[in-house]
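Provided herewith is a single structure, encoded as structure tokens, for subsequent inquiry.
Note: hydrogens, waters and symmetry copies are ignored here, and every other heavy atom, side chains too, is used.
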Amino acid sequence: GPPSGWGKTADFVISDNTIQIAGFEVNPAFAGIEAIFLDGAVISNNRILGSSTYGIALEGASKCLVKWNNVRRLAADVAAIYLDQDTNNCTVIGTDLSDTVMDQGTDNKLINVDVKPFRWLGQASHNSMKDKLELRKHHRPLWAR
């Protein structure tokens, strides 16, 4: 649903895709799949490769299911899967413990993944991620800011 609070407007399934991420030094890639304000979406069986901050990023999402995505050939700056502070009640099921997840949200279920706490980042990586997130905000549509 949109951030205006109008409620759920559609059912989304993002499945069986191959996503090759090609970021640039000036404008680094944020994520192969970026799910913003989704409610009940399913993101499954996708193959994400290349280089980015995250492979899959959920922002302001709720009740989503992220399962069995292949991120083995992804060079993620921070983690393969990211759940921001406004994401809640989502479930992430990894293919194996090499799938890394950074969960800043609430009441999310993480199964068969390697959880990376926010403090896990070194200061240089933390600053780099903040810079990328800030840059990314300027490229979002006005309704998503």
Task: Nearest non-hydrogen partners of Leu58 and Cys64, listed with the distance - done: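 Closest pair (atom of Leu58, atom of Cys64, distance): CD2-CB, 3.9 Å.
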
TODO: Can you spot which of Asp103, Leu74, Leu110, Val101 makes a side chain to side chain contact (heavy atoms under 4.5 Å, CB included) with Ile81?
DONE: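 Testing each of Asp103, Leu74, Leu110, Val101 against Ile81, the sole residue satisfying side chain to side chain contact (heavy atoms under 4.5 Å, CB included) is Val101.
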
Open item on the list: Pairing donors with acceptors under 3.5 angstrom, does anything connect the side chains of Asp107 and Asn88?
Closed with: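 On atom types as modelled, these side chains do not qualify, holding no pair under 3.5 Å.
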
Open item on the list: Run Glu59 and Tyr82 through side chain to side chain donor-acceptor pair (under 3.5 Å) and show every step you take.
Closed with: CA-CA 8 Å; Glu59 300 174 70; Tyr82 171 63; over 6 Å; no

- [ ] Check Ser51 against Ala29 and note the closest heavy-atom contact, atom names and distance.
- [x]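 Shortest heavy-atom contact: O-CB, 3.8 Å.
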
Task: Straight-line distance of Asn69 CG to Asn17 CG, nearest 0.5 Å - done: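 It comes to 9.5 Å.
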
- [ ] Measure the CD1-CD1 distance between Ile48 and Ile43 for me, rounded to the nearest 0.5 Å.
- [x]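 The CD1 atom of Ile48 sits 8.5 Å away from the CD1 atom of Ile43.
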
Task: Distance (rounded to the nearest 0.5 Å) between Asp99 CG and Ile93 CD1 - done: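 The CD1 atom of Ile93 is 11.5 Å from CG of Asp99, to the nearest 0.5 Å.
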
- [ ] Give a yes or no answer on whether the side chain of Asp114 reaches the backbone of Ser98 with a donor-acceptor pair at less than 3.5 Å.
- [x]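 No.
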
- [ ] Consider only side-chain heavy atoms of I, L, V, M, F, W and Y, link residues closer than 4.5 Å, and tell whether Val115 and Val66 are in one cluster.
- [x]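 As far as the 4.5 Å side-chain criterion goes, Val66 and Val115 are connected within one cluster.
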
TODO: Check the pair Asn46, Ile14 against side chain to side chain contact (heavy atoms under 4.5 Å, CB included), reporting the backbone distance first and the verdict last.
DONE: CA-CA 8 Å; Asn46 296 289; Ile14 303 168; 4.1 Å; yes

Task: Flag for Ser62-Asp39: side-chain donor and acceptor within less than 3.5 Å - done: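 There is such a pair (donor and acceptor under 3.5 Å, judged by atom type) between the side chains of Asp39 and Ser62.
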
Task: Shortest non-hydrogen contact from Met102 toward Val78 - done: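 It is CE-CG1, 3.4 Å.
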
Open item on the list: Tell me whether Asn108 contacts the main-chain N or O of Cys90 through its side chain, where contact means a donor paired with an acceptor under 3.5 Å.
Closed with: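 Yes; judged by distance alone, with no hydrogens or angles, the pair exists.
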
Task: Distance-minimising heavy-atom pair for Thr100 and Ala80 - done: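 Scanning both residues, the minimum pair turns out to be OG1-N, 3.0 Å.
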
- [ ] Kindly check if the number of other-residue, nucleotide or ligand heavy atoms within 6.0 Å of CZ (Arg72) is above 12?
- [x]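 Yes, CZ of Arg72 has more than 12 neighbouring heavy atoms, counting only those of other groups under 6.0 Å.
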
Task: Nearest atoms (heavy-atom pairs only) where Gly50 meets Gln20 - done: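 Heavy atoms only, the tightest pair is CA-NE2, 3.6 Å.
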
Open item on the list: Would you compute the distance between atom CZ of Arg47 and atom CD1 of Ile19 and round it to the nearest 0.5 angstrom?
Closed with: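 Separation between the atoms: 11.0 Å.
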
Task: Residue pair Ile21 / Ala31: nearest heavy atoms and the distance that separates them - done: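 Distance-wise, the nearest heavy atoms are CD1-C, 4.2 Å.
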
TODO: Calculate, to the nearest 0.5 Å, the distance between atoms OG1 and CZ belonging to Thr53 and Phe30 respectively.
DONE: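 The OG1 atom of Thr53 sits 6.5 Å away from the CZ atom of Phe30.
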
Task: Verdict with supporting geometry, Asn70 and Thr18, side chain to side chain contact (heavy atoms under 4.5 Å, CB included) - done: CA-CA 9 Å; Asn70 182 341; Thr18 296; over 6 Å; no

Open item on the list: In this structure, would Ile111 and Leu97 fall into the same cluster of hydrophobic residues linked by side-chain contacts under 4.5 Å?
Closed with: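 No; tracing contacts between hydrophobic side chains, which count when under 4.5 Å, never links both residues.
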
TODO: Measure the spacing between CG of Asp96 and CH2 of Trp68 and express it to the nearest 0.5 Å.
DONE: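 One gets 14.0 Å once the value is rounded to the nearest 0.5 Å.
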
